[in-house]
Amino acid sequence: MSTKHTIAAARFLKNKENEAWHDHTLWMVRTKRDKMSHSLPEWERLRELASEIKLYSNSHLDTLLEEFEKNAIANGAIVHWAKDAEEHNEIVLRILRQHEARNLIKSKSMLTEECHMNEFLMSKGIDVVESDLGERILQLMHLAPSHIVMPAIHIKREQISEMMEREMGTEKGNIDPTYLTHAARKNLREKFLHADVAMTGVNFAVASTGEIVVCTNEGNADMGTSFPKVHIATMGMEKIVPNLEALGVFTRLLARSGTGQPVTSYTSHYRRPPEGQEFHIIIVDNGRSDILAKPDHIRTLNCIRCGECMNTCPVYRRSGGYSYTYFIPGPIGINLGMLRNPEEYSDNVSACSLCLSCSNVCPVKIDLGEQIYRWRQDLDKIGKASKEKKVMSFGMKFLMERPGLFNTALKFAPVVNHLPRFMVYNGLNAWGKGRELPAFAKESFNDMWKKNKVR
Amino acid sequence: MSSRDSILASIRRHTGVRHEMPELTLEAITYADKLATFSEVLAGAGGKAIELRPGEDVNEVIRREFPEAKRIASNLKEITCATFNPDELTDPRELNGTDVSVVEGSFGVVENAAVWLPRQVRYKGLYFISNALVILLDKTQLVHTMNEAYRRTASMDYDYGVFMSGPSKTADIEQALVFGAHGPIQVVVLLK
Ligand code: SF4
């Protein structure tokens, strides 16, 4: 992480008010999700189906991707395959160069973050413009996202106002979100109209029809692809769903889980390029096919990037996305980081109280908390277990091996007090400062939960 | 070996148990009053449903809803209040500055107030670029859920289509909800 992130994170976390706001706001989103899930009697059945469909598709990636490719090509798309981040970025650059493009308008994509694509393209002289408002704000502030769905959740309106005054000439001191949003709308409108190439992520790729589906609330993906002559859509290969009927299960779960909306404003289906437009689809592996060989962790490929496991996680809510060392924070990020490089990202596995709230709400039923527990046990093998971590692993093992005791066992809360200090920025120990969790020592989490003391 | 072949080979090498595709059986929710629920959910998404009264002309309603509108785009014959036909433009960028666009929806989804818009205009940008979007919808064309919706679209051919639920929105500034991030600030579904 760059110094800039570190400074911003430290600034954010130093401020107790911000921290409380962050915690509270994300809990509100989680509450909205509950309201949504309770409004559908078939909710649990949908989760079950979603999980089973993903297990099917991720164990048939070879045939489904071939089917998808065949149909996409028949639709007039140009399909590329990228083994890793480097190849992905090269493909994008090649397309841009073919069209003598100087600027690229893009909608939000965690995959391009994973590939560090923006930095790469900018070093080659391409002007990359993020069009999701939160992403744009962060881009202009030279910061990274701290949440996968609400990327700028850690930034305050005063900071945005300051930046926009500088970058877009908005009124000094005007911090009204509507004013600021509409000023950004005006500013980005010009970028949309004059971009050379548009890029989007992919939420779902439908094998049986060869179409891709992009979900946004802002409509930025659709605005972006409406004017340039080239659209590049980039997808991790686990985005595949077998057919439209299966897709229906996911579009019912995605926004309800992530933001507590019945659906995103736009669920856009791109099948054939309009006349005169080129449509490129990049299918990216970058380590995904290796995960297939790890039965204990294969379910991480189910993830539809809804963000819910972050919203519900008591550690994430209180510590913020920058406290994790992998670019995806929260429970899913802990797991994906370990799959990427256990030596480098093992610090994150401590950022978990094993409350298992994430596993209970994940719309595709990834056993997030259980997997984190398994990683902790593996730390020894990779020579990463510090004494402190061993103490905790022992404590957690004790809890996990006695599922019947789990609730009352949480009264063994001193374990939580041995949480390693995973959030160290600039020598400032944020967890230690803001989160000694005194509450855990006195009352169990579930007791407090019942008394409505914990969110 | 091409990247394609080596990726596929890696997948085959690493795939263990091949899970079965589940039977997509689902007792999905149904709504007693589809029209009322659709309108309610649409309001929740920031949109507005207006049911046309018998004998009422859509143009009157559009004029009444948007008295200030100067540039009204539509390629529909019945929209006589349109000031231009967007399909006659040679460059979609000329759509910029449109106050109201009037388009036709294929069907609506009650559970989330989304309307299916398979592209029926020359430039799909029309669905996003104007300040307000009016969608004409046959009120008998409402399905309960997305599951049902996709059973319908499965038999349709489209190059581009969008399920649109209310106006463009963002909460990226401190989670304060603002309409009109990039797309329409207002969406009216006119139920005929
Ligand atoms: S792991 Fe589950 S809850 Fe977390 S982002 Fe992915 S789908 Fe959502």
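In this text the structure is predicted, and so the values were computed from the model without any measurement. In what follows, chains carry the letters A, B, and so on, assigned in the order in which the sequence lines appear, proteins first and then strands, with residues in each chain numbered from 1. All heavy atoms count here, side chains included; hydrogens, waters and symmetry mates do not.
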Select one option (side chain, backbone, both, neither) describing which atoms of A/E69 are under 4.5 Å from chain B's heavy atoms.
side chain
Side chain, backbone, both or neither: which part of B/V17 has an atom under 4.5 Å from a heavy atom of chain A?
backbone
Donor-acceptor pair between A/N311 and A/H147 side chains, under 3.5 angstrom:
yes
Among side-chain atoms of A/S265 and A/N217, is any donor-acceptor pair under 3.5 angstrom?
yes
Please classify the contact of A/M237 with chain B as side chain, backbone, both or neither, using a heavy-atom distance under 4.5 Å.
side chain
When only pairs under 4.5 Å are counted, which of B/R12, B/E174, B/M146, B/E148 shares the most heavy-atom pairs with chain A?
B/E174
Is it the case that the side chains of A/S131 and A/N220 hold a donor-acceptor pair, with the cut-off being a distance below 3.5 Å and no angle test?
yes
Top contributor to chain A interface from B/F163, B/Y160, B/Y158, B/Y123 [non-hydrogen pairs under 4.5 Å]:
B/Y158
Max heavy-atom pair count under 4.5 Å with chain B, selected residue of A/D222, A/T181, A/I298:
A/D222
Does the pair B/R64/B/E56 count as a salt bridge with the N-to-O cut at 4.0 Å?
yes
Picking from B/T15, B/T170, B/V109, which has the most non-hydrogen pairs under 4.5 angstrom with chain A?
B/T170
Pick from B/D172, B/L177, B/N147: which one has the most heavy-atom pairs with chain A under 4.5 Å?
B/D172
Identify which of A/V213, A/L55, A/T264 forms the greatest number of heavy-atom pairs closer than 4.5 Å to chain B.
A/L55
For chain B, find which of A/A246, A/A255, A/S59 contributes the most heavy-atom pairs closer than 4.5 angstrom.
A/S59
Against chain B, work out which of A/T225, A/V214, A/N243 has the most heavy-atom pairs shorter than 4.5 Å and name it.
A/T225
Looking only at side-chain N and O atoms, does A/T259 offer a donor or acceptor that is under 3.5 Å from a partner on A/Q261?
yes
Is it the side chain or the backbone of B/T25 that comes within 4.5 Å of chain A heavy atoms, both, or neither?
both
Can you tell me how far the CZ atom of B/F38 sits from the CG atom of B/D33, to the nearest 0.5 Å?
12.5 Å
Heavy-atom pairs under 4.5 Å with chain A, option from B/L8, B/T145, B/I7 with the top count
B/I7
Could you state the interatomic distance from CD1 (B/I129) to NE2 (B/H182), rounded to the nearest 0.5 Å?
12.5 Å
Sort B/A154 into side chain, backbone, both or neither according to what part of it lies under 4.5 angstrom from a heavy atom of chain A.
both
So for A/I137, is it side chain, backbone, both, or neither that comes closer than 4.5 Å to the heavy atoms of chain B?
side chain
Using heavy-atom distances under 4.5 Å, tell me whether A/T25 contacts chain B through its side chain, its backbone, both, or neither.
side chain
Specify which of A/R256, A/R136, A/E48 makes the most heavy-atom pairs with chain B at under 4.5 Å.
A/R256
Could you look at A/D290 and say if it's the side chain, the backbone, both or neither that has a heavy atom under 4.5 Å from chain B?
both
Is B/P167 in contact with chain A via its backbone, its side chain, both, or neither, using a 4.5 Å heavy-atom distance?
backbone
Has B/K124 got its NZ or CZ under 6.0 Å from the middle of the six-membered ring of A/Y270, at an angle within 45 degrees of the ring axis?
no
Using non-hydrogen atoms and a 4.5 Å limit, figure out which bit of A/L65 sits close to chain B: side chain, backbone, both or neither.
side chain
Carboxylate-amine/guanidinium proximity below 4.0 Å for B/R119 and B/D159:
yes
If we ignore hydrogens and angles and just use 3.5 Å, is the side chain of B/T37 paired with the main-chain N or O of B/K34 as donor and acceptor?
no
Does atom CD of A/E86 have more than 12 heavy-atom neighbours, drawn from other residues, nucleotides or ligands, at distances under 6.0 Å?
no
Name the option with the most non-hydrogen atom pairs under 4.5 Å to chain B; the candidates are A/I160, A/D285, A/L133.
A/L133
Non-hydrogen atoms of chain A under 4.5 Å away: do they reach the side chain of B/S6, the backbone, both or neither?
side chain
Checking side-chain contact (heavy atoms from CB on, under 4.5 Å) for the pair B/Y31/B/E111: CA distance, chi angles, key distance, verdict?
CA-CA 8 Å; B/Y31 299 92; B/E111 69 163 332; 3.3 Å; yes
Got a sec: does the CE of B/M21 have more than 12 other heavy atoms crowding it under 6.0 Å?
yes
Testing B/R18, B/R13, B/R4 for salt bridge (charged side-chain N to carboxylate O under 4.0 Å, His left out) with A/D62, which one passes?
B/R18
Steps toward ring pair (Phe, Tyr, Trp, His ring centres under 6.0 Å) verdict (A/H231, A/F279)
CA-CA 5 Å; A/H231 171 191; A/F279 181 28; 5.0 Å; yes
When the 4.5 angstrom heavy-atom criterion is applied to B/Y127 and chain A, the contacting part is neither
One option among B/L117, B/T153, B/D157 has the most heavy-atom pairs under 4.5 Å with chain A, and it is B/D157
B/K48 atom NZ, over 12 foreign heavy atoms within 6.0 Å
no
Applying a strict 4.5 Å limit to non-hydrogen atoms, the region of A/R189 in contact with chain B is side chain
Out of B/T140, B/L35, B/L52, which one pairs with B/L191 under the side chain to side chain contact (heavy atoms under 4.5 Å, CB included) rule?
B/L35
Within residues 71-107 of chain B, which residues come under 4.5 Å of chain A, heavy atom to heavy atom?
B/P92, B/R93, B/N96
Can you tell me which portion of B/E20 sits under 4.5 Å from chain A's heavy atoms? Options are side chain, backbone, both or neither.
backbone
